[in-house]
Amino acid sequence: GAVVSQHPSWVICKSGTSVKIECRSLDFQATTMFWYRQFPKQSLMLMATSNEGSKATYEQGVEKDKFLINHASLTLSTLTVTSAHPEDSSFYICSARDSFQAYLAFFGQGTRLTVV
Amino acid sequence: KQEVTQIPAALSVPEGENLVLNCSFTDSAIYNLQWFRQDPGKGLTSLLLIQSSQREQTSGRLNASLDKSSGRSTLYIAASQPGDSATYLCAVRGTTDSWGKLQFGAGTQVVVTP
């Protein structure tokens, strides 16, 4: 099946620094990728929809300037958490929608971010 | 706004018993419904995808039903095994969203004891 690679799988950073998370579709093209956030024992909450070559669409309540999304190619989207704070600590998961099988979305393995 | 609810939140069964996991959604205008498995600290593995026109999907010991009019889906796992221990999430894709965003339930945490 299709593979979505998310990197890093975990990261610890200091307050005030920025962290970049990558999401790659390895064997298919993904014009659309999605970024989710998951708090402990809670469901995934969609943060933003990333479209190749255009600006991301953010969900209500998600700060655009804090969570920068770039989708520069058909196989790569990045999420940058800027000026991270402890409350940004969470599990971030991306998914990529196959451009040719649009009803299928494949998920990365997630990134555990801890801000100290 | 679509709301997805999963009951129960947690479930513990002895090995060999059948598992029944429930998912309900408030807006029946869905494109499809998907069941996922999530292991602790890991991403999601897709188990079954049911299109809105289908009533059920089967894969091995897994069977998922969909009753779109009543806003319900049930995932059955036959003859449970300790390896089935995980959190199971259901998610719906709404017809009004052209990009296919998924709305997730909070999940059912399953523990199968040997």
Side-chain angles (χ1 to χ4, degrees), chain A residues 1-11 21 23-24 30-52 54 56-62 71 90-99 101-114, chain B residues 1-11 21 23-26 30-54 57 59 66 86-111:
Chain A
V3 177
V4 174
S5 175
Q6 193 171 336
H7 179 80
S9 57
W10 61 270
V11 58
I21 302 170
C23 180
R24 293 181 183 272
T31 53
T32 307
M33 292 186 177
F34 305 91
W35 287 96
Y36 293 85
R37 183 174 180 176
Q38 185 179 34
F39 291 103
K41 299 204 180 291
Q42 295 187 29
S43 185
L44 281 73
M45 298 297 295
L46 181 66
M47 298 174 64
T49 301
S50 170
N51 293 288
E52 187 266 334
S54 64
T57 302
Y58 290 81
E59 295 299 300
Q60 192 173 8
V62 178
H71 194 156
S90 189
F91 193 60
Y92 294 86
I93 304 179
C94 71
S95 74
R97 195 179 79 166
D98 190 321
S99 299
Q101 300 184 82
Y103 60 92
L104 293 176
F106 302 96
F107 284 79
Q109 290 302 297
T111 297
R112 170 70 61 191
L113 170 63
T114 302
Chain B
K1 180 186 173 185
Q2 177 75 271
E3 291 187 8
V4 182
T5 304
Q6 290 187 247
I7 296 174
L11 183 62
L21 309 178
C23 173
S24 62
F25 46 95
T26 55
I30 64 169
Y31 190 78
N32 59 40
L33 182 144
Q34 204 162 354
W35 283 94
F36 295 89
R37 169 185 173 137
Q38 185 178 30
D39 293 290
K42 302 291 185 181
L44 276 64
T45 301
S46 179
L47 298 174
L48 291 168
L49 172 73
I50 311 176
Q51 302 290 0
S52 62
S53 58
Q54 297 175 319
Q57 278 286 341
S59 176
L66 174 64
T87 296
Y88 292 83
L89 300 167
C90 73
V92 298
R93 174 183 168 183
T95 56
T96 57
D97 193 330
S98 59
W99 286 336
K101 297 185 299 189
L102 298 181
Q103 188 74 34
F104 284 84
T108 294
Q109 186 175 8
V110 171
V111 174

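- Atom CD of A:Gln42 sits in a crowded spot, with more than 12 heavy atoms from other residues, nucleotides or ligands closer than 6.0 Å.
- Side-chain contact between B:Leu102 and A:Tyr36 is present, with at least one heavy-atom pair separated by less than 4.5 Å.
- Contact count versus chain B (heavy atoms, under 4.5 Å) is highest, among A:Arg112, A:Gln6, A:Gln38, for A:Gln38.
- In terms of non-hydrogen atom pairs under 4.5 Å with chain A, the most contact-rich of B:Gln38, B:Gln103, B:Gln109 is B:Gln38.
- Heavy-atom pairs under 4.5 Å with chain A were tallied for B:Ala91, B:Gly105, B:Gly107; the largest tally goes to B:Gly105.
- When every heavy atom of B:Phe104 is checked against every heavy atom of A:Ser43, the shortest pair comes out as CB-OG, 2.9 Å.
- The residue among A:Phe107, A:Trp10, A:Phe91 with the most heavy atom pairs within less than 4.5 Å of chain B is A:Phe107.
- Between A:Leu44 and B:Leu44, some side-chain heavy-atom pair lies under the 4.5 Å cut-off.
- The line from CD of A:Gln60 to NZ of B:Lys1 is 8.0 Å long, rounded to the nearest 0.5 Å.
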